[in-house]
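Remarks on the structure that follows.
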Amino acid sequence: MASETQNTAHAAADAAQGAAHTAQKAGMPQLDFSSYPNQIFWLVVALVAIYWLLTRIALPRIEAVLADRQGTIAGDIAAAEDFKRKAEEAEAAYEKALAEARAQAQKIAGETKAEIQKDLDAAIAKADAEIAARSAESEARIAEIRDGALAAVDQVAKDTAGEIVAALGGNSDASAVNAAVEQRLKG
Amino acid sequence: MATLEQEMRSELTFHPMDQFIVKPLFGDGPVHWYTPTNATLWMAIAVLAIFFMLVIGTRGRAVVPSRAQSIAELSYGFIHKMVEDVAGKDALKFFPYIFTVFLFIVFSNFLGLLPRGFTTTSHIAVTGLLAIAVFVAVTVIGFVKNGAGFLSLFWVASAPLALRPILAIIEIISYFVRPVSHSIRLAGNMMAGHAVMKVFAAFAPLILFSGVGIAVTPLSILAITAMYGLEVLVAFIQAYVFTILTCVYLRDALHPAH
Amino acid sequence: MEGNIVQMGAYIGAGLACMGMGGSAIGVGNVAGNFLSGALRNPSAAAGQTATLFIGIAFAEALGIFSFLVALLLMFAV
């Protein structure tokens, strides 16, 4: 019932429009050709408006912004490259200074070492000389003592021999005893 | 005469196509070509939205973009890259028109998803004009650029000689079907999604008249939500597809040799 | 009475036309599934082929939309 009344109402509206498709039910609005000129006209208006907006305002602006950004980024990258190069230079200079300082230090160390070595050598030589002198002196004294001791042994032997001869009841001829002892000691 | 029950049941009538009716904005008169209609209103809203996004959004001209500006730049870069990749560098002089078409379609699709909105791109008249404009432009560009060489598009040189005439007929038919499928794909997708949502919406008030509604109403509301999510996706993908097919056709016109 | 039979035929035809949408669903699923299996084999090449994917989906879907359109025409315009 209700849909029938609606159909009749629709049909009345269609009839008012003078359209031929009064017999249709609800129909597809997409196939209602009477609205086509209207839609096409307003679509063309909308498209022209959008096209105008884009080509006159939006696209140049966006392109400018993008180019600007590209430039800024390129500039920033160049600046960064520059800074990097500077940092590398500074590093090289630092390395150089470090190497120089190291060489200097090595030189100083070498010099000091040589100096110390010289002093040391001198001291050692001096000590050696002293030691040599002392040992020579000691040797001389040892020799002296030994000579002394040998002489004493000689004397003691002669005396002992004389005494022994005397004790045995012989007439001790001192010179003969001495000669005999010397003879024995040499033998 | 109508009993209460009949009246209630009459509430559950389906008018899934009523949302597409083009009506005058003011009064009830006939729709002349100049009459401001709801289609006019929503096209104007689309133009206004594009104006806000691309002109107001970018007015800062900032090197570090604001949110609105980066959306404008993203959309620009998206279509610019698409035209360059798909249609080639020499197609970039048609970029403003392709960008216009893309923006119009994507904004119309999304605005049509607003409740009580009107989807201008669900009308064959609108998408048909867009597709025919592309078709005519591509054909004209093809012949202007390549002369008779444009016809090599239909003469598949890589196929065996005997097959070529048959292939040529198929290619010519598919060439002339292009604007049809190009326009109906967009309009049909938009119409289908909105009509399906409307059908589900018609089930939603069932709980007011019938016990079955306890099960049907939540289900239909859930279905509307799911369809809406799908439609948001479709709204973008169809604009993308329309634009990329425009680029593909343009590539055929600029470089007809396969 | 005759009108009712015509209407019945139209509605049955609309229902039959909807089967075409199932075919396009198979087609779309086929395109997307094959894209995915190819993309998983060679993920680096996948990004460059998304445009082709969408074009393929659009062509497969268009035919489903045609059958939907036929259904709508039968429901509302015949």
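Note: hydrogens, waters and symmetry copies are ignored here, and every other heavy atom, side chains too, is used. The chains referred to below are lettered A, B, ... by the order of the sequence lines, with proteins before strands, and numbering in each begins at 1.
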Where does [X] contact chain A at under 4.5 Å (heavy atoms): side chain, backbone, both or neither?
{"X": "Q19(B)", "result": "neither"}
{"X": "H123(B)", "result": "both"}
{"X": "I124(B)", "result": "both"}

Which bit of [X] comes within less than 4.5 Å of chain B, counting heavy atoms only: side chain, backbone, both or neither?
{"X": "I50(A)", "value": "both"}
{"X": "I62(A)", "value": "side chain"}
{"X": "I57(A)", "value": "side chain"}
{"X": "R61(A)", "value": "side chain"}
{"X": "L66(A)", "value": "side chain"}

| message | Can you tell me which residue among N38(A), V45(A), L43(A), V44(A) is in a side chain to side chain contact (heavy atoms under 4.5 Å, CB included) with F41(A)? | response | V45(A)
| Aromatic ring centroids of Y249(B) and F135(B) under 6.0 Å? | no
| request: Please report the closest heavy-atom contact between S183(B) and A131(B), naming both atoms and the distance. | output: CB-CB, 3.7 Å
| Does the side chain of T40(B) pick up a donor-acceptor pair with the side chain of T37(B) at under 3.5 Å? | yes
| note | Comparing P96(B), A39(B), S122(B), A62(B) against chain A, the one with the most heavy-atom pairs below 4.5 Å turns out to be P96(B)
| Taking every heavy-atom pair that is under 4.5 Å apart, which of Y76(B), F95(B), F51(B) has the most such pairs with chain A? | Y76(B)
| said: Taking the basic N atoms (NZ, or NE/NH1/NH2) and the acidic carboxylate oxygens, is any pair closer than 4.0 Å for R134(A) and E130(A)? | reply: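 Here R134(A) pairs with E130(A) in a salt bridge, since their nearest N and O are under 4.0 Å apart.
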| field | Interatomic spacing from CZ in F107(B) to CG in L48(B) - rounded to 0.5 Å | value | 10.5 Å
| said: Heavy-atom count check: over 12 atoms from other residues, nucleotides or ligands less than 6.0 Å from E115(A) CD? | reply: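 Atom CD in E115(A) is not packed in, count stays at 12 or less.
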